[in-house]
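Naming convention: chains lettered A, B, ... in sequence-line order (proteins, then strands); numbering from 1 in each chain. All values below come from the heavy atoms of this structure, side chains included, with hydrogens, waters and symmetry mates left out.
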Amino acid sequence: MTDFSPRFDPHEAEPRLYKLWEEGGIFKADARSAKPPFTIVIPPPNVTGSLHMGHALNNTIQDILIRWKRMLGFACLYLPGTDHAGIATQNAVEKELRKEGTNRHVVGREKFLGRVWEWTEKYGETIYMQLRRLGCSCDWSRERFTMDESYVRAIRTVFKALYDKKQIYRGHRVINWCPRDMTALSDLEVRRPEEGAAGNLYHIRYPIAGEPGRHVVVATTRPETMLGDTAVMVHPKDARYAGLVGKKAVLPFVGREIPIIADEAVDMKFGSGAVKVTPAHDMNDFEVGKRHGLPAIIVMDESAKMNEQAGEFAGLDRFEARAKIVERLAALNLLEKVEDHSTPLGRCDRCDTIIEPYLSEQWFVNMKPLAAPAIDAVKSGRVRFHPDRWAKVYLDWMENIQDWCISRQIWWGHRIPVWTCSDGHAVAAVDTPSTCATCGSGALRQDADVLDTWFSSALWPFATLGWPDETEDLKKFYPTQVLVTDRGIINLWVARMIMMGLEFRGKEPFSDVVINATIMDDAGERMSKSKGTGVDPLILMERYGADALRFALTLLSTGSQDVRFGKNLSVPRTEQARNFVTKFWNACRYVATSAPESASGLPPGWDRKLEDCWIASRLNRTIQVVTEALASNEFGRAAGELYTFIWDDFCSWYIELTKKRTAEATARGMLRYLAGITLRLLHPICPFVTEELWTKLDPAAAKTPLIRAAWPEPGAMNEDLERRMRAAFDVVRGVREVRNRYGIAPSEALPVAVSFRDEELRNALAGEVEEIVRRLAAVTSVESGVDLERRPGDARWTGDDVVVYVQIAGKFDRVKEIARSEKELAALEVQAARGRIQLANDAFRKAKPEMAAELEEKLRDLEVKVSELKARLAELKELS
RNA sequence: GGGCCGUUAGCUCAGCUGGCUAGAGCGUCUGCUCGACACGCAGAAGGUCAGAGGUUCAAAUCCUCUACGGCCCACCA
């Protein structure tokens, strides 16, 4: 024990221990193992990103579960990987190119993709390095990337199957278009921020054809789209416009005559009650157009600049065009009025550009048939959310699911596996075809678009295990058990995995979805790099160690949906956790020096003292509670329970009580046993210190590292004993408090008398309480009994089941004591009054007779205390 | 527009199916080199449980409404 320093050194120990585990092959999952499987697939972070605090929390929880299950004897697989993150990654590389003064179109598709690959290889490793730093016991031999070659086969197989079933189809529709990224997006990739939508509602006059001077006023927030109008619509019941339906309006600037139609979709109360219909630039209007057979005229190009259809406005950006059009309308006296009006504008999730609803040819997945069984999976409880309120978010979305636009007009991603020959025969295939299956033509062209990144993420739980091949891994580790993720991607990712898992494996990909809290900044708002509110987990680990960060985050994992852990708050919280780690380290250090033998079994019971039995019971209860907490995903409770057990019970009471007993084999054995079990209990949360302590305490144990040790099972618990010990500790506390209150030096021994609540308690404790008190508080003598009276010169301290009298005659400040006693008396009287009111209530007596009886007894005690205190006060006052 | 979550000590949070004197950590104050730990030890002070109604013998806890904060979802121009 020569090198047992008073501090754990994470810098030195963490990499060494991680290497030991990794090289020991402990993280490697064995598909041939006879043990039951336990699988967690990591939510793959973006390759080019780095870990933020949310990842640290997410991965800590996953690693806790994996380590715990490993100790429980499961064949565990914690599968790591990264996501190619189509648009995000492409944007990052494009930014690089821009710095070099070029762009992807100049570079060309092939070369550009080469650059992206270089980029991902360069940054991909940083995430893995960070996960290792955190201590995550991932199986690195099974690392996956959503662009792996094997993943390509999975994607194509899925695509082909859905395509052949006509569940993937090509459609001409209005979709969400990002003019900056120049690609289509799915509904879920569009954000609609509450504010920042201040806009106007423009009331524009459209002249009626053939009736000079007459016009219809349409209200719109987007005048620039008027150039693509192909109708004006009113409500069929709107008397104001009844005479106009069937006539034509003349579109200003363009001169096109467009029909005035009636449709229920109009809200008569909004605006003017007449709506311009632009089927190519509004989802609603597109539907209207379909119903009424209207043409759709696209008036913008892919970057949202007005195109040649826009006549005199061609070439202008959409917002410039808006200003110009409004100006010209006013000049032509066609602008009736402009009102303030806020519209929720959709913005690109990736680049924040305002989304343009845009008519184009895209690939879609028909979701309804996929959703039905996935809804059932959650409703039936085969997939459970924790906390369960999140199931509602899932079900609400699933029950109103829309078709999914999966094509993206970017280059980085999985090319859509559809080939078309020069004669227009299209086929979806897994292996790249060389000739057209229909006509044999060799002139095949693959679709230029790539798939939505989330299409590949949806396959993650089985594509990572080798599917479509029936690999050993797939058989052993699918379905996985727990998915730990963020609430923000319940629909984006979790829902789609459930659908795909059911469709292609016939089984839900996991049975439990744990939604971890979202890490907020100090002000309770979402952390963001751009606002500079992010906290780097590496910095905290650097300063306090990975165990401290893990423990701090775990302790915060209660049922709440946000936790504040910003620049300021993260520091004291991690510090607290680090202090706890040091506390535990020193407790074990003490055990190692005081009980140098290496046996670690529970010592035989015959010569156990009260405190030995007590701590054994407390330990068993801790095992039970921690196990239950982990089983129900209450990680904060597991950590909290360990914190109080280790700090209070183990360190403050048990170690202090046994300091004079280390010559006894039982006490030494008990210390070793306690350390051994708590090491195991704490290991999933704090893997590094615990592993280090494991070998420090027993170098011979190095052969079987803690990570492989068995999870403890709770033995007998004794509630009565625990309650009695609490009373004994109260005596100690009472003596300490009295001494402190009167400013008496801790070393000055005083005579003490203890009055127990009843005979039973007295008999159970009287034999040992004196020793307990003697060891923990300086006393000259301890007298004990039931209903003892206060003697002159005694200070009294009242606990739940004991009253402590400490003889301090003449050693205190009388004035202070009078003030204190008066305060105490007032509190006691309030309590007694409350009790009397409750007891005067017959309904209460009838409803809970046992409780009433208890209360009566309590009240009697209270009344005794009150009268005693009054007498004491009188006595004190007389002395003056 | 709909929904979800939160509001408990100066700060950050626990408090399950209603029932002992509402807890913890940090911070503050008092006192401690007591055989691991000052990243420590022993204590203390500090709360109209956001507000208003209701249910109940009994409400921080259940119900309703209000206010404030946060987060999702939604094609009303």
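- Checked against B:G43, B:A36, B:A77, the side chain of A:N740 finds its nearest nucleotide in B:G43.
- Within the 4.0 angstrom heavy-atom criterion, only backbone atoms of the sugar-phosphate kind lie near A:W647; the bases stay farther away.
- Among the protein residues, A:R578 comes within range of the nucleic acid bases, having at least one heavy atom under 4.0 Å from a base atom.
- Dashed line: the shortest gap from a side-chain N or O of A:R7 to OP1 or OP2 of B:A38 is under 4.0 Å.
- Atom P of B:G27 sits at a distance of 41 Å from the matching atom of B:U64, rounded to the whole Å.
- Between A:W390 and B:G3 there is no side-chain N or O to OP1 or OP2 distance below 4.0 Å.
- In this structure, A:I646 places its CD1 atom 14 Å from C1' of B:A36, rounding to the nearest Å.
- Separating the P atom of B:G51 from that of B:U61 is a span of 10 Å, rounded to the nearest Å.
- The nearest whole Å value for the distance from the CZ atom in A:R723 to the P atom in B:C20 is 17 Å.
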Show me the dot-bracket string of RNA chain B, counting Watson-Crick or G-U pairs under 3.5 Å, with | for pairs to another strand and [ ] for crossing ones. (((((((..((((.....[...)))).(((((.......))))).....(((((..]....))))))))))))....
I'd like to know whether A:R222 forms a salt bridge (charged side-chain N to carboxylate O under 4.0 Å, His left out) with A:E356, so could you lay out the CA-CA distance, the side-chain angles of the two residues, the decisive distance to 0.1 Å, and finally the verdict. CA-CA 11 Å; A:R222 305 197 50 208; A:E356 185 62 36; 2.8 Å; yes
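- A close approach under 4.0 Å does not occur between any side-chain nitrogen or oxygen of A:R739 and OP1 or OP2 of B:A42.
- For A:E399, the CD atom is densely surrounded, since the number of other residues' heavy atoms within 6.0 Å is greater than 12.
- Contact annotation for A:R733: backbone-only contact, meaning every heavy-atom pair under 4.0 Å involves sugar-phosphate atoms and none involves a base.
- Of the candidate nucleotides B:A77, B:A74, B:G3, B:A77 has the atom lying nearest to any side-chain atom of A:D282.
- Of all nucleotides listed (B:G35, B:A77, B:A36), B:A77 comes nearest to the side chain of A:T221.
- Taking atom C1' in both B:A24 and B:A14, one finds a spacing of 7 Å when rounded to whole Å.
- For the P atoms, the distance linking B:C63 with B:U56 amounts to 16 Å, nearest Å.
- A straight line from CG of A:N400 to C1' of B:C73 spans 10 Å, rounded to a whole angstrom.
- Without hydrogens or angle criteria, A:N586 side chain to A:P6 main chain gives a donor-acceptor distance under 3.5 Å.
- Across B:G25 and B:G2, the matching C1' atoms stand 39 Å from one another, rounded to whole Å.
- Between B:A38 and A:K583, no contact under 4.0 Å exists linking OP1 or OP2 to a side-chain N or O.
- If you check distances only, the side chain of A:E656 does reach the base of B:A36 with a donor-acceptor pair under 3.5 Å.
- In terms of phosphate contacts, A:S652 brings a side-chain nitrogen or oxygen within less than 4.0 Å of OP1 or OP2 of B:A42.
- The nearest whole Å value for the distance from the CD1 atom in A:I490 to the P atom in B:C71 is 16 Å.
- To the nearest whole angstrom, the two P atoms, one in B:C49 and one in B:A59, are 12 Å apart.
- Residues A:Y654 and A:D649 form no side-chain contact, since every pair of their non-hydrogen atoms from C-beta on lies 4.5 Å or further apart.
- Contact between the side-chain N/O atoms of A:N586 and the OP1/OP2 oxygens of B:C39 is not found at any separation under 4.0 Å.
- Checked against B:C37, B:C13, B:G35, the side chain of A:R564 finds its nearest nucleotide in B:C13.
- Side chains of A:K660 and A:T658: no donor on one and acceptor on the other come within 3.5 Å.
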Under the side chain to side chain donor-acceptor pair (under 3.5 Å) rule, what do A:Y206 and A:D229 come out as? Steps first, then yes or no, please. CA-CA 11 Å; A:Y206 284 11; A:D229 286 1; 2.6 Å; yes
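- Among B:G43, B:C72, B:A77, the nucleotide with an atom closest to any side-chain atom of A:E737 is B:G43.
- In this entry the distance linking CE of A:M283 with C1' of B:A74 reads 12 Å, nearest Å.
- If you look at A:F4 and A:W585, their ring centroids are closer than 6.0 Å.
- At a threshold of 4.0 angstrom between heavy atoms, the contacts of A:V266 include nucleobase atoms, whether or not backbone atoms are also involved.
- Counting heavy atoms from C-beta outward, A:W797 and A:V803 have side chains that stay 4.5 Å or more apart.
- Residue A:C588 is classed as having no contact, given no heavy-atom separation below 4.0 Å to the nucleic acid.
- Looking at the side chain of A:N579, the nearest of the listed nucleotides B:C11, B:G40, B:C37 is B:G40.
- If you take CZ of A:F270 and P of B:G1, they are 13 Å apart, rounded to a whole angstrom.
- Residues A:I175 and A:P357 form no side-chain contact, since every pair of their non-hydrogen atoms from C-beta on lies 4.5 Å or further apart.
- A ring-centre distance under 6.0 Å is not found for A:W390 and A:F385.
- The side chain of A:T558 places an N or O atom within less than 4.0 Å of a non-bridging phosphate oxygen (OP1 or OP2) of B:A14.
- Among the protein residues, A:E525 comes within range of the sugar-phosphate backbone only, with heavy atoms under 4.0 Å from sugar or phosphate atoms but none that close to a base.
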Go through the steps to decide whether A:R564 and A:D521 satisfy the test side chain to side chain contact (heavy atoms under 4.5 Å, CB included), and finish with yes or no. CA-CA 5 Å; A:R564 297 182 187 198; A:D521 64 18; over 6 Å; no
Yes or no on salt bridge (charged side-chain N to carboxylate O under 4.0 Å, His left out) for A:R726 and A:D801, after CA distance, side-chain angles and deciding distance? CA-CA 9 Å; A:R726 273 199 298 275; A:D801 295 321; over 6 Å; no
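- Regarding A:K269, its NZ atom lies at a distance of 14 Å from the P atom of B:G1, rounded to whole Å.
- With both ends at atom P, the span from B:A50 to B:C57 equals 25 Å, rounded to whole Å.
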Restricting to nitrogen or oxygen on both sides, can you table the protein-nucleotides 5-10 of chain B pairs closer than 3.5 Å?
none

Passes side chain to side chain donor-acceptor pair (under 3.5 Å), A:D263 versus A:H292? Steps please. CA-CA 9 Å; A:D263 195 288; A:H292 295 270; 2.6 Å; yes
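- Using a 4.0 Å heavy-atom criterion, one finds that A:K276 contacts no nucleic acid atom at all.
- Using a 4.0 Å heavy-atom criterion, one finds that A:D267 contacts the bases of the nucleic acid, with or without backbone contacts as well.
- Considering only side-chain atoms of A:Y643, the nucleotide from B:G25, B:A36, B:G35 that sits closest is B:G25.
- One can place CE of A:M268 at 15 Å from C1' of B:A77, the figure rounded to the nearest angstrom.
- Minimum atom distance to the side chain of A:R589 is reached by B:A36, of the listed B:G35, B:A77, B:A36.
- With both ends at atom P, the span from B:G19 to B:C62 equals 10 Å, rounded to whole Å.
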